[in-house]
Amino acid sequence: MSTFEPPAETLADVVLVDYGLGNLRSATRGLERAGASVEITDDPEAFAAADGVVLPGVGAFREGMENAGPLREALTEHADAGRPLFGICLGMQMLLTTSEEADHEGEGEVTGLDLVPGTNVRFGVDRKVPHMGWNELEVTRDHPIVEGVEGEYAYFVHSYYAEPSDPEAVVATADYGVDFPAVVANEAGNVFGTQFHPEKSGETGLRILRNFVEYCAER
């Protein structure tokens, strides 16, 4: 039985970016349960009216950046203004600068949003990919998004992982033969992402989403 108590009232208005790749239904349910009013949209003007923006994602880096290309400027402006931007799975990888995925697929270099400088690299040949399943989170530094989740488990499905240029961008790690970033954030702290899917991670994921909603409300 769930022990998560949903808030009695809406805490923040959140935009869930619809760019054709993302688990929108599950993410919406999770965010609403965490206390958010959710608008699913690809309208950049909605970003400015929201307390926070969520960039979900399932699929390949190139396809994600091509689909989200028309929204690049609006997402960057939102982040540069110091407003909360939360990337999930592929959405987190898109926060970085580049990815080996495009090279691996013979598609050449693709530029990400570059809000958390760095690249995404493929797990070594000694690891089965995709990495799929539950892994323990080890929090490496303070950030509101990871409040109360040290040692908890989250659900991952991915073949690539982030390598930020600045090690301080790593907020939490998980282990899959190598310690890889499970949560990253920019220097200002308002742009962050989870490699795992909080909407599929039970109580831990709901805590992450609630942390995000509260962060949006406080900002």
Side-chain angles (χ1 to χ4, degrees), residues 17 19-23 54-69 71-72 75-76 79 85-141 143 145-146 149 153-201 204-205 208:
V17 183
Y19 63 104
L21 297 173
N23 191 5
V54 177
L55 183 65
V58 177
F61 188 83
R62 170 178 282 278
E63 186 179 8
M65 289 312 307
E66 287 179 348
N67 284 21
L71 304 174
R72 179 190 290 268
L75 290 168
T76 300
L85 175 60
F86 180 14
I88 295 175
C89 196
L90 174 62
M92 187 200 87
Q93 294 185 7
M94 290 165 60
L95 299 178
L96 277 76
T97 315
T98 59
S99 177
E100 288 183 355
E101 184 171 11
D103 287 337
H104 182 79
E105 300 297 332
E107 299 170 338
E109 186 171 287
V110 179
T111 304
L113 296 172
D114 195 30
L115 297 172
V116 180
T119 191
N120 298 284
V121 301
R122 187 175 172 87
F123 282 111
V125 295
D126 59 331
R127 298 289 97 187
K128 180 181 178 181
V129 294
H131 164 226
M132 183 182 300
W134 294 84
N135 280 74
E136 185 177 1
L137 302 176
E138 180 180 348
V139 175
T140 56
R141 71 174 178 89
H143 189 283
I145 197 67
V146 292
V149 300
Y153 284 76
Y155 187 77
F156 294 81
V157 183
H158 60 120
S159 300
Y160 293 79
Y161 62 91
E163 274 195 353
S165 301
D166 181 0
E168 287 298 311
V170 180
V171 175
T173 63
D175 176 66
Y176 188 57
V178 60
D179 284 335
F180 67 88
V183 183
V184 300
N186 69 344
E187 185 176 358
N190 66 299
V191 176
F192 41 86
T194 61
Q195 182 60 72
F196 56 89
H197 287 275
E199 74 279 9
K200 297 180 181 179
S201 296
T204 302
I208 291 279

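The ring of H158 has its center closer than 6.0 angstrom to the ring center of F180. Taking the six-membered ring for Trp, F123 and Y160 have ring centres at least 6.0 Å apart.
No side-chain heavy atom of V171 sits less than 4.5 Å from a side-chain heavy atom of F192. Contact check for V157 versus K200: no side-chain heavy atoms found under the 4.5 Å cut-off. Counting heavy atoms from C-beta outward, Y161 and V178 have side chains that approach closer than 4.5 Å. Here the side chains of V129 and R122 are in contact, with some heavy-atom distance below 4.5 Å. Side-chain contact check for V58 versus C89: every heavy-atom pair is 4.5 Å or farther apart.
Scanning all heavy atoms of the two residues, the minimum distance from R141 to A185 falls at NH2-CB, 3.7 Å. Considering all non-hydrogen atoms of both residues, D114 and T97 come closest at OD1-OG1, 2.6 Å. Between A79 and N190, the shortest heavy-atom distance links the atoms O-ND2, 2.9 Å. Of all non-hydrogen atoms in H131 and N135, the two that sit nearest each other are NE2-OD1, 2.7 Å. Residue Q195 comes nearest to Q93 through the heavy atom pair OE1-NE2, 3.0 Å, listed as atom of the first residue, atom of the second, then distance. Between L137 and V149 the shortest heavy-atom distance is CB-O, 4.1 Å.
The distance from atom CE of M94 to atom CG of L96, rounded to the nearest 0.5 Å, is 11.5 Å. Considering CD of E136 and CG of D175, their distance stands at 9.5 Å, rounded to 0.5 Å. Separation of atoms OG1 (T76) and CG (L85) is listed at 9.0 Å; rounding is to 0.5 Å. In this structure, CZ on F196 lies 8.0 Å from OG1 on T204, to the nearest 0.5 angstrom.
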Between V184 and M92, is a side chain to side chain contact (heavy atoms under 4.5 Å, CB included) present by the stated rule, with each step listed?
CA-CA 8 Å; V184 300; M92 187 200 87; 3.8 Å; yes
Which is it for E63 and L21 under the side chain to side chain contact (heavy atoms under 4.5 Å, CB included) test, yes or no, and what are the steps along the way?
CA-CA 9 Å; E63 186 179 8; L21 297 173; 3.8 Å; yes
Evaluate the criterion side chain to side chain contact (heavy atoms under 4.5 Å, CB included) for residue pair L95 and N186; output intermediate values, then yes/no.
CA-CA 9 Å; L95 299 178; N186 69 344; over 6 Å; no
Quick one, L113 with V191, criterion side chain to side chain contact (heavy atoms under 4.5 Å, CB included). Give me CA distance, side-chain angles, the key distance, then yes/no.
CA-CA 11 Å; L113 296 172; V191 176; over 6 Å; no
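Each of P164, S159, S99 was compared with N120 under the side-chain contact (heavy atoms from CB on, under 4.5 Å) criterion, and only S99 meets it. Partner of W134 under the ring-ring contact (aromatic ring centres under 6.0 Å, His included) criterion, chosen from Y155, F156, Y153, Y176: Y155.
Between the side chain of H143 and the backbone N or O of G189 there is at least one donor-acceptor pair closer than 3.5 Å.
Under the rule for a ring pair (Phe, Tyr, Trp, His ring centres under 6.0 Å), Y19 has no partner lying at least two apart in sequence or in another chain.
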